[in-house]
Number of protein chains: 2
Amino acid sequence: MSNTLSKCLPALTECFREYGYEGTSLARITAATGLGKGSLYNAFPEGKDQMLAVVLEEITLWFETQVFAPLQLADEPVAGIMEMFDATSAYFKSGKRACLMGTLSATQCRDRFANHIKSYFFQWQQVLTDTLIRAGWENSQAKFFAEEILASIQGALTLSRALDDPAIFDRTIERLRHRLTE
Amino acid sequence: MSNTLSKCLPALTECFREYGYEGTSLARITAATGLGKGSLYNAFPEGKDQMLAVVLEEITLWFETQVFAPLQLADEPVAGIMEMFDATSAYFKSGKRACLMGTLSATQCRDRFANHIKSYFFQWQQVLTDTLIRAGWENSQAKFFAEEILASIQGALTLSRALDDPAIFDRTIERLRHRLTE
DNA sequence: GTCTATAAAGCGATAGAC
DNA sequence: GTCTATCGCTTTATAGAC
């Protein structure tokens with residue numbers, strides 16, 4: 001990946017996360033990254049769509065290496081899931097940061113990035129299900145609990161932001177930790 | 001409320017729900033409602049902001065009369081909550097329909113409509129908490145379970161749309177019903 | 001109350017100099 | 001690789017005829 005591209009990626013990601021796809025204009029991207037249109041189109045010849053596509057691939061890659069793989073490789077499955085909660089809580093800054101994949105799911109442009117979005121949640125649910133099974137859960141119970149965990153995280157993010165109260169997210173994660181060990 | 005305004009409100013609501021605030025252009029609203037700009041600005045002199053504000057007020061009013069009030073007035077609290085799940089499931093078309101309040105919470109324009117959004121979720125949590133207490137739940141347990149129910153609904157909507165699987169929403173509602181009676 | 005015409009600004013994208 | 005200038009189009013909003 002080029003130097004320019006990788007340097008501007010975090011600011012670009014935060015732009016899409018904060019404003020959504022439609023709300024992120026090139027002018028806003030320029031303000032956030034410090035790069036003019038010339039530089040942006042040099043790095044992303046296909047324009048705004050490609051910018052978001054690269055951002056989504058980067059997010060998925062981060063979760064694959066930082067969350068999914070450690071979960072898959074954890075010697076102790078329950079401890080691995082606890083670390084997943086740690087990483088998730090840190091990533092979403094205790095509910096102050098929205099989930100871009102979740103945000104995109106709500107509106108129409110979901111269709112254009114459906115593959116990225118589906119892959120992200122599908123992988124997460126699958127590796128979490130496997131780990132729950134390793135922890136002794138029955139197969140279909142594991143699948144549904146994994147589904148419940150992902151939905152709870154997404155809902156906690158929404159409600160925390162809606163009511164402007166990060167404690168909602170923290171309590172949700174604590175509840176899920178407790179459910180895991182009871 | 002004027003005749004024109006009330007006639008176009010459902011189409012207007014679906015527009016904002018489907019495309020979000022930034023993604024809803026006046027051209028799209030014209031296509032959805034059949035009303036030109038002249039008519040729209042006659043009904044909403046303050047423009048697009050006012051259109052969304054009126055839509056949010058209408059949504060809150062609907063929940064107040066169709067969900068919150070029946071819950072508050074229910075003779076049997078548990079049965080009342082079950083009816084709340086029925087109404088919620090019907091309203092969100094088993095997860096195929098997004099929650100506009102939740103959608104708006106994700107991005108920046110949340111700030112502009114923060115009062116509408118906060119009021120919606122705050123009222124819902126409060127009346128649900130009261131009803132759980134009437135059903136015999138301890139005060140703080142009731143508050144947290146109400147919080148968990150709202151977050152679960154929002155998260156189930158997000159995950160159902162993300163994975164394009166309405167069954168996720170239905171299972172979530174069923175799990176919540178079960179938690180209520182165990 | 002609804003329409004068409006139009007304004008002024010912003011949009012994504014391109015061209016070409018450096 | 002970055003910039004500025006510019007294109008063509010869409011945006012929100014207004015004006016004025018009917």
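Letters A, B, ... are given to chains in the order of the sequence lines, protein chains preceding strands, and every chain is numbered from 1. When reading the values below, keep in mind they use all heavy atoms of this one structure, side chains included, and skip hydrogens, waters and symmetry mates.
With sequence neighbours left out, E22(B) forms a salt bridge (Lys or Arg N to Asp or Glu O under 4.0 Å) with no residue at all. In this view, F92(A) satisfies the ring pair (Phe, Tyr, Trp, His ring centres under 6.0 Å) rule with no residue, not counting sequence neighbours.
Counting only residues at least two apart or on different chains, the side-chain hydrogen bond (donor to acceptor under 3.5 Å, both in side chains) pairs with a member in residues 83-94 of chain B are R17(B)-Y91(B), D86(B)-R177(B), S94(B)-D170(B). Listed by first and then second residue, the ring pair (Phe, Tyr, Trp, His ring centres under 6.0 Å) pairs that reach into residues 127-173 of chain B are W137(B)-F145(B), sequence neighbours excluded.
Distance N42(A) CG to dT2(D) C1': 8 Å, rounded to the nearest Å. In this structure, the CG atom of N3(A) is 14 Å from the C1' atom of dT2(D), given to the nearest Å.
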Using atom types as modelled, flag every donor-acceptor pair under 3.5 Å from a side chain in residues 103-111 of chain B to any protein atom, sequence neighbours excluded.
| unit_1 | atom_1 | unit_2 | atom_2 | d |
| --- | --- | --- | --- | --- |
| T103(B) | OG1 | C99(B) | O | 2.9 |
| S105(B) | OG | M101(B) | O | 2.8 |
| R110(B) | NH1 | R161(A) | O | 2.7 |

| request: Using a 4.0 Å heavy-atom cut-off, write out nucleotides 4-18 of chain C from 5' to 3' as B (base contacted by protein), S (sugar-phosphate only) or - (no contact). | output: -------SBBB----
